[in-house]
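Take a look at the structure below.
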There are 2 protein chains.
Amino acid sequence: MSTIKDVARQAGVSTMTVSRVINNTGYIRSETRARVEQAIAELGYLPNALARSLRFKQTKTIALVLTDIKNPFFTTLARGVEDAAGAQGFSVLFCNTDESEAAEGAHLSILVQKQVDGVLLVPASSESRAIPLLRAHGVPVVALDRRVHDPSVDTVRGDSEGGAYELVRHLIGLGHRRIAVLTSAHNVSTATDRVAGYRRALSEAGIAVDPRLICSDDFSTEGGFRSTQQLLALHPRPTAIFGGNNFIAFGAFRAMREAGLQVPDDCSLVTFDDLPESWLMLPFLTTVNQPAYAIGQQATELLLDRLEGRGGPAARMIVLPGELIVRRSSAPPPA
Amino acid sequence: MSTIKDVARQAGVSTMTVSRVINNTGYIRSETRARVEQAIAELGYLPNALARSLRFKQTKTIALVLTDIKNPFFTTLARGVEDAAGAQGFSVLFCNTDESEAAEGAHLSILVQKQVDGVLLVPASSESRAIPLLRAHGVPVVALDRRVHDPSVDTVRGDSEGGAYELVRHLIGLGHRRIAVLTSAHNVSTATDRVAGYRRALSEAGIAVDPRLICSDDFSTEGGFRSTQQLLALHPRPTAIFGGNNFIAFGAFRAMREAGLQVPDDCSLVTFDDLPESWLMLPFLTTVNQPAYAIGQQATELLLDRLEGRGGPAARMIVLPGELIVRRSSAPPPA
DNA sequence: CTGTTAGCGCCTTCAT
DNA sequence: ATGAAGGCGCTAACAG
């Protein structure tokens with residue numbers, strides 16, 4: 001409410017003197033400083049960060065643009081971001097895109113206008129138009145969770161290809177040969193990489209890829225539900241399903257239950273990113289868990305490094321491994 | 001990167017003319033407008049929202065201050081906030097307090113400095129110092145999920161007292177008489193209201209309150225774990241436990257399992273806010289679910305109404321009912 | 001229909 | 001050790 005002028009008047013000094021007290025800069029007689037500090041306290045003065053940012057060309061604010069905060073993977077990632085940002089005095093603006101490039105573009109335009117110092121982006125597409133926009137406006141960006149085609153973009157992500165490979169190898173080891181994968185139809189690297197890992201595991205085992213067993217829909221429960229309904233209509237049915245993410249797996253499970261099928265007796269089910277272990281009364285899904293918190297944290301630290309000019313010119317690609325957790329949802333195929 | 005001056009120069013007009021084009025205000029010859037628009041496109045100009053906000057005294061940004069985004073209740077609530085805010089062109093800054101009043105205060109000071117137009121606050125305490133701070137700086141606030149003592153604060157929350165009453169009545173109906181409640185030691189209304197509902201249900205059934213069965217710790221899995229360990233040492237043990245929130249219940253479940261006890265055979269377990277139904281392979285916990293999304297959405301709409309001067313002077317208290325969902329974790333007490 | 005002046009709140013620069 | 005002038009990018013109010 002009150003401005004630096006009010007404080008100056010109250011303390012009987014110039015605004016510059018107040019500014020010096022606030023910023024602890026230059027020389028000030030201790031009596032003067034005391035008077036100013038008293039005036040600040042009396043008025044409950046807080047400096048206007050807008051005005052400071054206008055001068056400094058720094059807002060101490062970054063943006064986190066992700067697809068859906070309701071996915072616990074992104075929730076945990078977001079928490080990693082906020083903790084790392086807060087530790088260095090940065091605030092976080094967050095936006096959901098729901099995988100829509102249009103929404104992504106709209107959000108980013110606003111973020112550029114708001115002069116965020118940098119952007120953490122879970123790109124809605126591998127060739128997100130967001131990247132050139134940010135570059136044109138000199139806003140540093142780090143891609144999270146997903147690669148983009150532009151090789152000059154810093155990226156922090158989990159190892160989707162390797163995780164998918166492990167998961168499918170696990171199924172093959174149990175004796176499965178008709179393994180389906182449910183993935184996203186969007187052009188995102190987590191989708192393509194997971195299918196790539198799936199293919200590698202199959203090919204290594206000498207199993208031919210059946211294109212009908214690769215279903216592309218949404219990274220959502222509805223997507224997993226629809227894809228699974230299609231799969232269950234096949235003859236013979238797959239004996240195992242790899243859900244490309246947690247939501248897909250939840251939808252797949254529901255579709256199987258509604259079809260009267262038991263997991264894993266009739267069909268196994270594995271996935272990426274189940275729920276946090278501590279939430280689960282009866283851990284069930286075999287999964288590869290990615291270090292979501294660390295991804296958010298390390299991406300933030302990388303971004304803040306860039307803002308300070310640290311970290312060198314070359315783009316960095318940090319790939320964090322996942323962890324295979326075998327649980328009850330995967331078993332040998334039915335006889 | 002480029003400013004209004006650059007556009008003006010490029011188009012051969014004054015900055016005022018550019019400003020008029022941007023804001024669609026006043027009269028402009030259509031040729032002039034076209035020239036300006038072309039210049040804007042050529043330069044990829046985007047107005048600096050900092051400068052505009054400094055003039056307008058409006059940032060089109062609100063803050064969401066909650067305890068922990070990782071709790072799926074708050075995640076869903078946050079999504080409701082973001083959707084409602086985005087629909088009206090507002091961005092959302094978010095902060096986690098982890099129930100710490102100190103962290104809350106630090107965040108709010110920064111938010112005031114950043115000139116957010118309003119704050120959505122899940123107060124860390126019923127007498128949060130945040131409220132007077134915000135009032136002193138003329139920042140509208142809406143309390144979410146929890147009441148504060150100050151009656152002049154708009155509030156949107158679930159019905160904790162009523163939900164707890166239903167839950168405990170359900171247990172009593174099953175035949176339980178030694179029912180424990182695990183709550184938070186923090187001075188927050190969700191804790192006190194849930195205990196109040198618990199007491200009302202007991203007293204209505206003529207069951208005396210045993211103070212040893214009311215455990216105060218954290219709203220966390222660790223809190224629930226610790227409290228439950230204490231309870232299990234009692235003779236006789238409680239036959240049912242009411243976990244004050246989802247995390248507490250997860251911790252309680254773990255403590256029981258580690259003690260070799262079966263839920264619900266040896267002890268029933270009920271809670272507020274289990275996980276979203278679609279995530280659960282095997283829905284297990286009997287729970288009262290609160291409409292988290294609606295709480296976030298309605299709180300945001302209330303706040304934005306206030307910003308526009310709508311809604312009248314009287315404080316509003318919106319209480320949304322929860323829904324009792326009976327599942328497998330509650331059963332009659334052991335014989 | 002368009003331009004000039006002034007100021008939002010703050011801080012850098014240069015005096016004193 | 002302190003103050004005065006000027007400007008960050010933008011727009012309201014007033015000219016013309």
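So you know, we letter chains A, B, ... as the sequences are listed, proteins then strands, and number each from 1.
A side-chain donor-acceptor contact under 3.5 Å links A:S152 and A:R135. Side chain to side chain, B:N187 and B:E127 meet the donor-acceptor criterion of an N or O pair below 3.5 Å. Between the side chains of B:K114 and A:S91, a donor-acceptor pair is found at a separation under 3.5 Å.
Here A:T32 lies in heavy-atom contact (under 4.0 Å) with sugar-phosphate atoms only.
First and last contacting nucleotides of DNA chain D toward chain B (any atom under 4.0 angstrom from a heavy atom, 5' to 3' order): D:dC8 to D:dC14.
Between A:L64 atom CG and A:L121 atom CG the span is 9.0 Å, to the nearest 0.5 Å.
Closest approach of A:K70 to B:T75, counting heavy atoms only: CA-CG2, 3.7 Å. For A:V156 against A:A299, the heavy-atom pair with the smallest separation is CG2-CA, 3.7 Å. Shortest non-hydrogen contact noted between A:D117 and A:P140 is O-CD, 3.2 Å. Contact detail for A:A191 and A:H186: the closest heavy-atom pair is CB-O, 4.2 Å. Closest heavy-atom contact between B:L303 and B:G118: CD2-C, 3.9 Å.
In the helix from C:dC1-D:dG16 to C:dT16-D:dA1, the rotation axis of the first five pairs and that of the last five pairs differ in direction by 50°, rounded to 10 degrees.
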Quiz item: Which letters describe nucleotides 8-16 of chain C, given B = protein heavy atom under 4.0 Å from base, S = only from sugar-phosphate, - = neither?
Solution: BBBBB----
Self-check item: Worked verdict on A:D145 versus A:F73 for side-chain contact (heavy atoms from CB on, under 4.5 Å)
Solution: CA-CA 10 Å; A:D145 180 50; A:F73 169 74; 3.5 Å; yes
